[in-house]
Number of protein chains: 2
Amino acid sequence: MTSPHSRTLPQRGQSLTDQVMNHVRHSVVTGEMEVGRLYSVYQLAEQLGISRSPVRDGLLRLEEAGLIEFSRNRGFRVIPTSPHDVAEIFSLRLALEVPAALRAAHASTPALAATFNDLEAHMRSAAERGSLDEFFDLDQQVHDTILSAAGSNRVRGIVNRLRDSTRLLGVSTAGKERSLTEILGEHAPVIEAINAGKGQEAAAAMREHLTRTGQLLVSQAITAQHLDLDPDELWRDYTTGY
Amino acid sequence: MTSPHSRTLPQRGQSLTDQVMNHVRHSVVTGEMEVGRLYSVYQLAEQLGISRSPVRDGLLRLEEAGLIEFSRNRGFRVIPTSPHDVAEIFSLRLALEVPAALRAAHASTPALAATFNDLEAHMRSAAERGSLDEFFDLDQQVHDTILSAAGSNRVRGIVNRLRDSTRLLGVSTAGKERSLTEILGEHAPVIEAINAGKGQEAAAAMREHLTRTGQLLVSQAITAQHLDLDPDELWRDYTTGY
DNA sequence: GCAGCCACAGTAGCATGTTACGTGCAATTG
DNA sequence: CAATTGCACGTAACATGCTACTGTGGCTGC
C-alpha cells in the first residue's frame, strides 16, 4: 500500500508536499472532496500511497493559506467559501490589482504587449472551445503577468492564494459559456490600456472587470448555497472604501 | 537529550511548532541569527533540545510566510529584507489599511473606542519607558484591532505576516525614543477619527501614519545596508497608484 | 427517560530511522 | 597548470513508530 508503485512518478522538482497540495486543491474543484466533510491525514496518505509526513506538511500549508481547517483529534475539512468570503476576497483584489494595473501601464514594454496578445489569443480559443479549466488558467496568467509587470511580487503570492478559495465556486457554477466571452471582453480594455501606457484607463478597466466578476461570483455563491441575501447589499458592504 | 523528560509539559495551546516559529523570529530581531547565513534543521533541533519534526514544521510555515528560504540539501537562510521589499510592503499596507480605517470608522462603537483608548494609554506608557518591544507589540495590536473592526479578517492575516518581515529592521535600527512619541502622535488622529465615525479623516490619518513610518523604515534600511539609493525616489516608485 | 460515567477509537503531535541528492573538495588526467 | 571526474559529507525529504489527548457512543445507575 505504501510501496512506491506506478503512482510515484516524481515529476521533477515537484515534491510530494506540493503534489499533495495540488491534489487537494484539484479534488475540491472537481467535487471529489466534499466541502465540510471530515477527512484524515491517515486516510489521504494511504489513498495517495505515500506516508503521512508529506501529507501532513501539505495540509499544514493549506491550513495556513486558509483553504482547510483542522479540527483537533477529529480530522480536517475543506472550509466552505461563503458569499461574505467571496466579497471580502474581491474587495482585496480590488485594492491590490487596480493600482497594479496602473503601475503596469507605466512599465509597459513591447515584450509585455506581445505576452498579453498571446495570452488573449489563447483565451479566445479556450472560450470558443468552452474549455473552462484552460480559460481560468489563462485568466490567472493574465492577472499574474500584470502583477509581475507592476513589480508587486508579494501581491502575486497573495492574490494567487486568494484565487484558490474562489476557484471552487467559479468553476463549479460558472457553466455559462456566455460568461467566458463576456469576461474575455472585459480583459481587452485592460490589456489595451496597459499596452498604450494609459494608467488611469487601465485601472478603471481593471476595476470594472473585477467588480463584474466579483458580483457575479457573489450572486452565484448565494444561490448555490440557497441563502437569502441581497447580493448588491453584500457587495456594497465589503467594497466600500476600496 | 532527545528523551521525553521534564520538557514534555503539554503547555496548553502552545505547540512546539509555534515555539520554534517564535524562537526564529525572535532570534532574527535580536541578531542571534544572521541574515543570509545557512542553518540546518538538525542544528536548530539539537540547540532547542527537541526533535526535527516540529522544527521542520515551523520552518516550513515561516517559509510560506516568506521569512526564510530553503535551499535544497543545503539548509535554510533568513531572507534579507531590502529597501525595495520594505517599500513594497508599505505600499501594500497602504492599499489595505487605509480603506480599513475608513470602514472601521463606519463601524465604530463605544466598546471599540474604549479598547482604543486603553491601547493608546499603554502605548504612551511604553513609549515613556522606552520599551521598544512592548511598544511595537501594542502598535501591532492597534492596527489589528482596526482591521478587525473593519471586518477584514483575511487582511488581518496578511498584514500580520507582512509585519514579520519589517520588524527585524524596525527594532534593530529604530533606537530613537523620539520616534516612539512621534509614532504615538500619529496614532492619535487615526483613533480619534475612527471613534468619531469620520471615515475620510480616519483614512487620511492612516495614510499619513503609514507613509511616515514606511519612509522612515525605507531610509533606515538603505543606510543600514550601506546602499546608495534615493529613499524618496524608491518610495515614489512603489507607492504610485496606491 | 435522563444524566453522568466510562471505555473505546481515532487523531494530532513528536521522535527517529532511512534515502537520495546537491555541493564542495580533492585527486587524477590530459 | 587547468579542467574534469569521482568521492565524501551534510542536508532535505520521506517513512514510520509511539504516546497522550479528545470527542463519541454505549452503558449503568438514578
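Proteins get letters first, then strands, A, B, ... in listed order; numbering begins at 1 in each.
With C:dA12, D:dT11, C:dT11 as the candidates, the nucleotide lying closest to the side chain of A:Ser40 is C:dT11. Comparing D:dA15, C:dA12, D:dG10 against the side chain of B:Asn73 picks out D:dG10 as the nearest. Closest contact between the side chain of A:Leu16 and the listed nucleotides D:dC14, C:dC14, D:dA12 involves D:dC14.
No more than 12 heavy-atom neighbours from other residues, nucleotides or ligands sit within 6.0 angstrom of NE2 on A:His122.
Taking atom CD of A:Glu46 as the reference point, atom P of D:dA15 lies 13 Å away to the nearest angstrom. Atom P of nucleotide D:dC14 and atom CG of A:Leu48 are separated by 13 Å, given to the nearest angstrom. Between the CG atom of A:Asp57 and the C1' atom of D:dA13 there is a distance of 9 Å, rounded to whole Å. The separation between B:Phe70 atom CZ and D:dA13 atom P is 6 Å, rounded to whole Å. Protein atom CG of B:Leu38 is 13 Å distant from nucleotide atom C1' of C:dG24, rounded to whole Å.
A:Tyr42 comes within 4.0 angstrom of a nucleotide base, judged by non-hydrogen atoms across all strands. Nucleic acid contact class of A:Ser71 (heavy atoms, under 4.0 Å, all strands): none.
Proximity of B:Ser51 to the phosphate of C:dC14: no side-chain N or O atom is located under 4.0 Å from OP1 or OP2. Using a 4.0 Å cut-off, some side-chain N or O of A:Thr17 falls inside it from OP1 or OP2 of D:dC14.
For B:Arg77 and B:Tyr39, the positive end is not near the middle of the six-membered ring at less than 6.0 Å and at most 45° from its axis.
Ion pairing between a basic and an acidic side chain is recognised when a charged N comes within 4.0 Å of a carboxylate O; A:Arg129 and A:Glu134 show such pairing.
Evaluation of atom-type donor-acceptor distances gives no pair under 3.5 Å for the side chain of B:Arg74 against the base of C:dG24. A donor N or O paired with an acceptor N or O is found under 3.5 Å between the base of C:dT16 and the side-chain atoms of B:Ser53.
Judged purely by atom type and a 3.5 angstrom limit, B:Thr223 uses its side chain to pair as donor or acceptor with the backbone of B:Gln220.
If B:Leu60 and A:Arg52 are placed on DNA chain D by their nearest nucleotide, the residue sitting closer to the 5' end is B:Leu60.
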